[in-house]
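All remarks here apply to the structure that follows.
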2 protein chains.
Amino acid sequence: MSASPTSKPRARRQTLEARPYHHGDLRRVLIDAALQLAAEGADVSVREAARRAAVSPGAPFRHFPNRDALMAAAAEEAQRRFRTEIEAALGDAPAADPLLRFRAFGLAYLRWAMRNPAHFEIISTGRYFAHGSSVELTRDNAELIALTEQMLADAAAQGLLRSADLKPIQIAGRALVYGFARMNLDGHFPRWGVEEGEIERMAEEVIDLFIAGIAKR
Amino acid sequence: MSASPTSKPRARRQTLEARPYHHGDLRRVLIDAALQLAAEGADVSVREAARRAAVSPGAPFRHFPNRDALMAAAAEEAQRRFRTEIEAALGDAPAADPLLRFRAFGLAYLRWAMRNPAHFEIISTGRYFAHGSSVELTRDNAELIALTEQMLADAAAQGLLRSADLKPIQIAGRALVYGFARMNLDGHFPRWGVEEGEIERMAEEVIDLFIAGIAKR
DNA sequence: CCCCAAATGTAATCGTCGATTACATAAAGA
DNA sequence: TCTTTATGTAATCGACGATTACATTTGGGG
């Protein structure tokens with residue numbers, strides 16, 4: 001009965017193609033649309049996200065004060081996925097050897113960045129929104145950094161490192177993986193992608209080279 | 001006589017405030033305006049560049065088919081300056097020691113990137129124009145890379161390196177400086193800029209750490 | 001010297017975007 | 001049920017990239 005085309009507009013939610021006036025969870029759908037657009041390589045516009053959510057161009061601004069806020073929310077979601085994968089990799093790594101854990105961290109970092117370049121870009125580049133505007137993003141990132149600092153401190157405590165000055169090691173390590181990820185992102189690895197896994201293999205070599213460079217031997 | 005306000009419009013070029021219909025070298029002025037806008041942290045728009053050149057919004061398109069072409073031309077100019085500084089630094093470096101030359105290269109690279117972040121971004125990021133669209137930029141960059149490869153090959157020939165596998169060393173070195181430059185650019189060095197030279201000192205430490213890691217000892 | 005063609009600038013216009021405002025509709029609670 | 005609040009729509013604005021038709025200047029061949 002409710003499927004009758006002549007029924008009054010109330011209870012219209014039952015018919016599949018007629019979306020109810022209120023969207024289920026527009027905020028979430030907009031974030032997903034933004035991430036999807038980025039992953040497709042398209043430039044992310046609020047209007048296009050609204051279009052994908054089948055909603056008017058002004059609707060997103062009920063949930064985000066401006067475009068940057070949408071991008072920041074998308075970045076937070078991407079960062080959450082990133083962090084989840086990193087922590088899974090660390091869960092599989094041996095607890096005893098800090099340098100192996102360091103290696104596992106770097107590998108997981110680069111693997112994710114290689115496979116989700118656009119999301120990595122949103123997280124890292126600070127161009128889509130003011131860099132300190134998302135406290136969650138900042139805190140999350142700080143925690144990951146603290147993780148690597150702890151691993152390096154453990155390694156030093158076990159006498160595994162050649163130098164006791166941890167700060168340059170920490171910075172260099174971050175710069176190395178960050179730079180590798182961004183080189184891939186910015187198109188500085190011209191034709192490697194043709195053979196699948198070539199870049200990830202090179203990432204592994206580079207990480208091992210770095211660890212060999214800082215390790216005592 | 002020519003200053004008379006009733007004089008005919010011809011020979012108007014004499015009066016300073018009345019620009020002649022034809023701009024002197026609009027193409028060059030637009031490139032400079034684009035670089036200046038980038039350096040100021042503003043987003044570069046064709047219209048704003050035209051405004052700074054005191055010219056109509058459509059005029060730039062007589063010299064560049066689209067915005068990306070203007071950005072590419074600006075990138076070429078920035079890359080020219082970048083390369084000039086690198087080569088000057090290499091000119092001052094000792095010709096005999098390839099690792100010292102490598103170090104000088106890295107230092108000059110990072111110094112320039114720290115002091116001209118927006119220009120470095122335009123050069124490197126491939127977001128402002130298709131990455132292979134400028135043959136000059138591509139060639140120029142390839143030559144700089146070839147320079148570092150030569151330095152590493154020389155170092156290996158002199159038995160200065162711990163490993164004979166140069167490719168990972170080359171990639172890691174690029175990733176390291178590129179990552180350091182981009183971390184600075186993307187706001188990942190929170191409050192270091194307050195004390196002038198702090199970042200550049202850290203850059204030096206990081207480069208030395210890398211060289212110590214690859215050198216035989 | 002003049003005229004014409006090429007180069008180069010202007011004016012007007014289009015479609016897209018971010019953003020704001022006034023209004024409409026649904027949901028929730030007293 | 002009535003009213004408040006949340007959430008969507010419609011209309012509009014200004015900036016932007018881009019295109020088109022037109023205007024002005026310049027420079028070279030008769």
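Residue numbers start from 1 in every chain, and the chains themselves are labelled A, B, ... in the order their sequence lines are given, proteins ahead of strands. In what follows, every heavy atom counts, from backbone to side chain, and hydrogens, waters and symmetry copies are set aside.
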If only side-chain N and O atoms of B/H63 are considered, is one of them under 4.0 Å from the OP1 or OP2 phosphate oxygen of C/dG9? yes
Can you tell me the distance, in whole Å, between the CG atom of A/L30 and the P atom of C/dG18? 12 Å
Salt-bridge criterion met for A/E143 and A/R139 (N-O under 4.0 Å): yes
Under the 3.5 angstrom rule, does the side chain of A/T125 hit a backbone N or O of A/E121 as a donor-acceptor pair? no
Hey, is B/E136 close enough to B/R80 for a salt bridge, meaning N to O under 4.0 Å? no
Spacing between A/L37 atom CG and C/dG18 atom P, to the nearest angstrom: 11 Å
Can you check the A/R28 CZ to D/dT7 C1' distance for me, whole Å? 19 Å
Please identify each residue that fulfils side-chain hydrogen bond (donor to acceptor under 3.5 Å, both in side chains) with A/R27, with sequence neighbours left out. none
For B/D68, does its backbone N or O pair with a side-chain atom of B/N66 as donor and acceptor, under 3.5 Å? yes
Between C1' of C/dG18 and CE of A/M71, the distance in whole Å: 14 Å
Given the side-chain rings of B/F82 and B/Y109, with only the six-membered ring counted for Trp, is the space between their centroids under 6.0 Å? yes
Any chance you could list the contact pattern along nucleotides 17-22 of chain D? Use B for base contacts, S for sugar-phosphate-only contacts and - for none, protein heavy atoms under 4.0 Å, 5' to 3'. BBB-BB
Are OP1 or OP2 of C/dC17 and a side-chain N or O of A/R51 less than 4.0 angstrom apart? yes
Taking CG from B/D43 and P from D/dC16, how many angstroms apart are they, rounded to a whole number? 8 Å
Distance in angstrom units between B/F64 CZ and C/dG9 C1', rounded: 15 Å
